[in-house]
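I have placed the structure first, in the form of structure tokens, so that the comments after it can refer back to it.
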Number of protein chains: 2
Amino acid sequence: MARAATRPATTPEAGDAAERMLQILSEASRLFATNGYDGTSMRDIALACGISKSLLYHHFTDKDEIFAKVTLGSTRELYHYVFDRLPEAGPAERVRRFMTATGEYFQKYRWAWIASTTAFWNDPEQRRQKERMMWRDQYEGLIRTLIQEAIDAGEFRPVDVPLTGRLILSSLNWMHRWYRPEKGMAPPQIADAYCDMIFNGLVAPR
Amino acid sequence: MARAATRPATTPEAGDAAERMLQILSEASRLFATNGYDGTSMRDIALACGISKSLLYHHFTDKDEIFAKVTLGSTRELYHYVFDRLPEAGPAERVRRFMTATGEYFQKYRWAWIASTTAFWNDPEQRRQKERMMWRDQYEGLIRTLIQEAIDAGEFRPVDVPLTGRLILSSLNWMHRWYRPEKGMAPPQIADAYCDMIFNGLVAPR
DNA sequence: TAGCACGCTGACCGATCGGTTAGCGTCCCG
DNA sequence: CGGGACGCTAACCGATCGGTCAGCGTGCTA
């Protein structure tokens, strides 16, 4: 009956409970990213944490809440991570930083990032996903704003803004399907290389 | 006991059985694409086809075989579809056709395409996925070859070939996450617009 | 017309799923 | 030192999963 949310913040054990929740979210995000939502059972999460299945229900109401916490958290934080790092510079340079910062976030919080980007977009339980979609739209709106500003400043050609934003996000969002951390370039460098190609094009100058 | 694979091709009923299999594969690919592998039960597939669950096992050994047939089929056919449509033209023009032809295939066989691209890449049952991965590699090898030829011909700048291939494939592979057939541009036109941006770049000429 | 092949079904199986419940042990505090 | 709060668990629940099996009905064939 005693829910974790009602625990008094003054007790010294509050820190333990908070760490437990972080551990659960960490292991869960890794499992969700590796095996998918349906492919990850509550037993799997409990086993990975070294605790009983019942304890999961003392910290979260159900499986859906764990998943929502993972995906909403990473989506919201991605937006803030990127937004906070945009430099005071020309629009095109800000677009580049948008991409490299996203690569950094991917590098740091890879499992949660994969779990949220592979989450089914037409989820039946959309009420829980609404807030996540809001931050996703914020994130996409940000890159569109940056592109529009680059066009207005004369740094970009007058391209199709939504489609250009999708091209940039596609390159970043698809990365988890082929990127392996043990070899090759690091995600921020990959994002930077993508940026070079998209900015300057493939066609050789005449 | 009588397996579909052993049915004599001479009987008139063979046509019915083959159509049944196609119907099953069609409905299954739609369900897999919509709800994922684990989110689609054999009961769901049977219900969508208007048949009993048992009948599925007369045409396929198990659920995995249905999924393998869907994903392997679409991956193999994507390669051939694109390869067969490459024009006798300059390398850059062939890259463009690679992209638009992929858009055409996506438009035609959307469900099977989504089912196979959202299939988990680190599937535990990799023996079944091996042949699919082979065609996937063929497909990716094809775009790399075209890019390399464009560089050798002086049409492209000396870019990083694998990374350029990944940029192009990312733009196409991510399309199913935001594309809605009832509105906006058609997939081949989207692919063509992507091609323009990637070829010429975003940066305005000085 | 007798028989058989085959498309097809309903009932059933053990396993595993998400989630519940009763209660144990321990540590803090009055 | 007594009591209650809390972290935590084992056992259990109904539902649903993938897969099996015995057998029905029909239509072709000998």
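Throughout, protein chains are lettered first and strands after them, A, B, ... in sequence-line order, and every chain is numbered starting at 1. The structure presented is a predicted model; accordingly, all values stated were derived computationally and were not measured.
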- Task: Name the closest nucleotide to the B:Y57 side chain, picking from C:dG18, C:dC8, D:dT20.
- Result: D:dT20
- To the nearest angstrom, how far is A:L55 atom CG from D:dC6 atom C1'? 11 Å
- Item | salt bridge (charged side-chain N to carboxylate O under 4.0 Å, His left out) contacts in which one or both residues fall within residues 95-117 of chain B, not counting sequence neighbours | B:R96-B:D192, B:R96-B:D196, B:R97-B:E104
- Item | Whole-Å distance separating the CZ atom of B:R43 from the C1' atom of D:dG18 | 8 Å
- Message: Between C1' on C:dG18 and CG on A:D62, what's the gap in Å once rounded to a whole number?
- Response: 9 Å
- Give a yes or no on whether the backbone of B:S116 and the side-chain of B:R132 come within a donor-acceptor separation of less than 3.5 Å. yes
- Which parts of residues 44-53 of chain A get close to DNA chain C, meaning a heavy atom less than 4.0 angstrom away? A:K53
- Task: Report yes if some heavy atom in the side chain of A:L167 is under 4.5 Å from a heavy atom in the side chain of B:I198; otherwise report no.
- Result: yes
- Item | Minimum-distance nucleotide (side-chain atoms of B:H59 versus C:dC8, D:dC17, D:dC8) | C:dC8
- Think A:R85 forms a cation-pi with A:Y81, using NZ or CZ under 6.0 Å from the six-ring centre and within 45 degrees of its axis? yes
- Could you tell me the separation between the CD atom of B:Q23 and the P atom of C:dG7, rounded to a whole number of Å? 15 Å
- Message: Please report the distance, rounded to the nearest Å, between CE in A:M21 and C1' in D:dG7.
- Response: 14 Å
- Look at the side-chain N and O atoms of A:S54 and state whether any lies under 4.0 Å from the OP1 or OP2 oxygen of D:dT9. no
- Task: Please report, rounded to the nearest Å, how far the C1' atom of C:dA15 is from the CE atom of B:M42.
- Result: 17 Å
- Between B:F156 and B:F199, ring centroids under 6.0 Å: yes
- Task: Using whole Å, report how far NE2 of B:H58 lies from P of D:dC21.
- Result: 12 Å
- Message: Could you check whether any side-chain heavy atom of B:V95 comes within less than 4.5 Å of a side-chain heavy atom of A:L202, counting everything from C-beta outward?
- Response: no
- A:Y79 side-chain N/O to A:D137 backbone N/O, donor-acceptor pair under 3.5 Å: no
- Query: Rounded to whole angstroms, how far apart are CZ on B:R20 and C1' on C:dT9?
  - Reply: 12 Å
